Number of protein chains: 2
Amino acid sequence: MPKLGAEPIRRAALVKATIEMVGDGGSLDVTVAQIARRAGMSSALAHHYFGSKEQIFLAAMRAILSIYAAEVRGALVVAEGHAGRLRAIVHASFAPGSFRREAIGAWLNFYVLAQTAPEARRLLAVYQRRLHSNLMHDLKPIVGARAGGVARGLGALIDGVYIRAALQPGATDRRAAAALVLAYLDRELEGA
Amino acid sequence: MPKLGAEPIRRAALVKATIEMVGDGGSLDVTVAQIARRAGMSSALAHHYFGSKEQIFLAAMRAILSIYAAEVRGALVVAEGHAGRLRAIVHASFAPGSFRREAIGAWLNFYVLAQTAPEARRLLAVYQRRLHSNLMHDLKPIVGARAGGVARGLGALIDGVYIRAALQPGATDRRAAAALVLAYLDRELEGA
DNA sequence: GTTTTTGTTGATTGACGAGTCAATAAACTT
DNA sequence: AAGTTTATTGACTCGTCAATCAACAAAAAC
């Protein structure tokens, strides 16, 4: 059966399966065997490619974060003006690629992982810093000294909407979620 | 050693230890033995009083929610006017009783628990509904039709601030957190 | 065509942890 | 004083799961 060049395919399959299982199951208590089974291989193979369960989780987290980062980059290139760029960042947070049931569920669980696994914490910190600096870049010219507070508010609000979405499976409307955050943004930009 | 009437003391000690361990450790992966040890008893006794680990967690969650509920009630009796009551609700969310490191950490983890344990989900739903209806009660007279959106925004923002606080141990200022949410509220109430 | 590299798994190990149980002891009841 | 209820634990069971290993298979390299 050994088709050569299997490694990247296997890794990707495991990452995908991990996100699905963690997101759907709503818990980090998934066994390597379950993940491997879903990805169509033995648990031994999963260990072979990733070395440990933690590495599998971290890879899944990296995947989610990089999808999100790509979404933001993509949205920013076509956006115009400071306000437009800020809206683009918000929109990216609720783009179909990131705002799916499993991804949201996985996200919440990775938050928890970040409390114990230093590497997960680091990844999350990178994401948060990048989001913050992206926001600041376009907020400062518009709202000046208030930029810091607004950026923190936006970040917290996005996370809050996410966490709530994770708990209302199905009842979560992407557009409504985005609209809520955009309303906050517009209000803060009023008269600027 | 058997002092009679130990049950309530033991239960309380276990609940306290659970919140501390889950909050500090940042994970639901604490063993009953660890919790019991911290509470100064054997794991067998913990099982004797609670029956299962899940019941211990649920009791801890109930304790956190009831502290919060009491905080809100207390704040509401002295508040005056719709806007004052809304501010009181926000303040209660960041009162020293609830906004402590372990409590915040535990909170985040109970969110995760709610994804898998139906009873935990129910408790959380009760809290969210109560918060929402409290907010609506005083928002409707001021902002009318916009009340629903504002209430959802406030709820999400509070949760978001909490989740971020859970990840920045130490770096979390209670007042700053409250101020952020209050700023949002004030902005929504502007001109009303 | 043999050796090496890559892919793959079943079986096993070793640890850990939830929940049970039997036994012990102090206090309360009668 | 005998019996009952409450408190308490050490030792044990039983299951689960991450990680390892030995072995097998196919492709590549030599």
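So you know, we letter chains A, B, ... as the sequences are listed, proteins then strands, and number each from 1. Because only heavy atoms are used, hydrogens play no part in the values below, and waters and symmetry mates are left out as well, while side chains stay in. Predicted model only: the values in this text are computed from it and were never measured.
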Checking the side chain of [X] only, and the main-chain atoms of [Y] only, is there a donor and an acceptor separated by less than 3.5 Å?
X: A:Arg121; Y: B:Leu167; result: yes
X: B:Tyr162; Y: B:Ser93; result: yes
X: B:Ser98; Y: B:Ala95; result: no
X: B:Arg187; Y: A:Arg187; result: yes
X: B:Lys53; Y: B:Val30; result: yes

Using the salt bridge (charged side-chain N to carboxylate O under 4.0 Å, His left out) rule, take B:Arg10 and B:Glu7 through it: C-alpha gap first, then chi angles, then the decisive distance, then the call.
CA-CA 5 Å; B:Arg10 294 302 201 183; B:Glu7 175 154 2; over 6 Å; no

Using whole Å, report how far [atom1] of [X] lies from [atom2] of [N].
X: B:Leu45; N: D:dT9; atom1: CG; atom2: P; result: 6 Å
X: A:Arg37; N: C:dT9; atom1: CZ; atom2: P; result: 13 Å
X: A:Ile9; N: C:dT6; atom1: CD1; atom2: C1'; result: 13 Å

A:Met41 has a side chain; which of D:dT8, C:dT9, C:dG7 sits nearest to it?
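The listed nucleotide nearest to A:Met41's side chain is C:dT9.
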
Does NZ or CZ of B:Arg175 come closer than 6.0 Å to the centre of the six-membered ring of B:Phe94, within 45° of the ring's axis?
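B:Arg175 over B:Phe94 ring: no.
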
With a non-hydrogen cut-off below 4.0 angstrom, is A:Tyr49 in contact with a base, only sugar-phosphate, or nothing?
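The answer is sugar-phosphate, as A:Tyr49 gets under 4.0 Å only of primed atoms, P, OP1 or OP2.
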
Inspect the surroundings of CD in B:Glu54 and state if more than 12 heavy atoms from other residues, nucleotides or ligands are less than 6.0 Å away.
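Open.
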
Respond yes when some side-chain nitrogen or oxygen of B:Arg10 is under 4.0 Å from OP1 or OP2 of D:dT8, and no when none is.
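True: B:Arg10 side-chain N/O within range (under 4.0 Å) of D:dT8 OP1/OP2.
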
Letter per nucleotide, 5' to 3', of nucleotides 13-20 of chain D [B base touched, S only sugar-phosphate touched, - untouched; heavy atoms, 4.0 Å]:
----SSBB

Through what angle, rounded to 10 degrees, does the axis of the helix from C:dG1-D:dC30 to C:dT30-D:dA1 turn between its ends, using five pairs per end?
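For the helix from C:dG1-D:dC30 to C:dT30-D:dA1, the axes at opposite ends meet at about 10°.
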
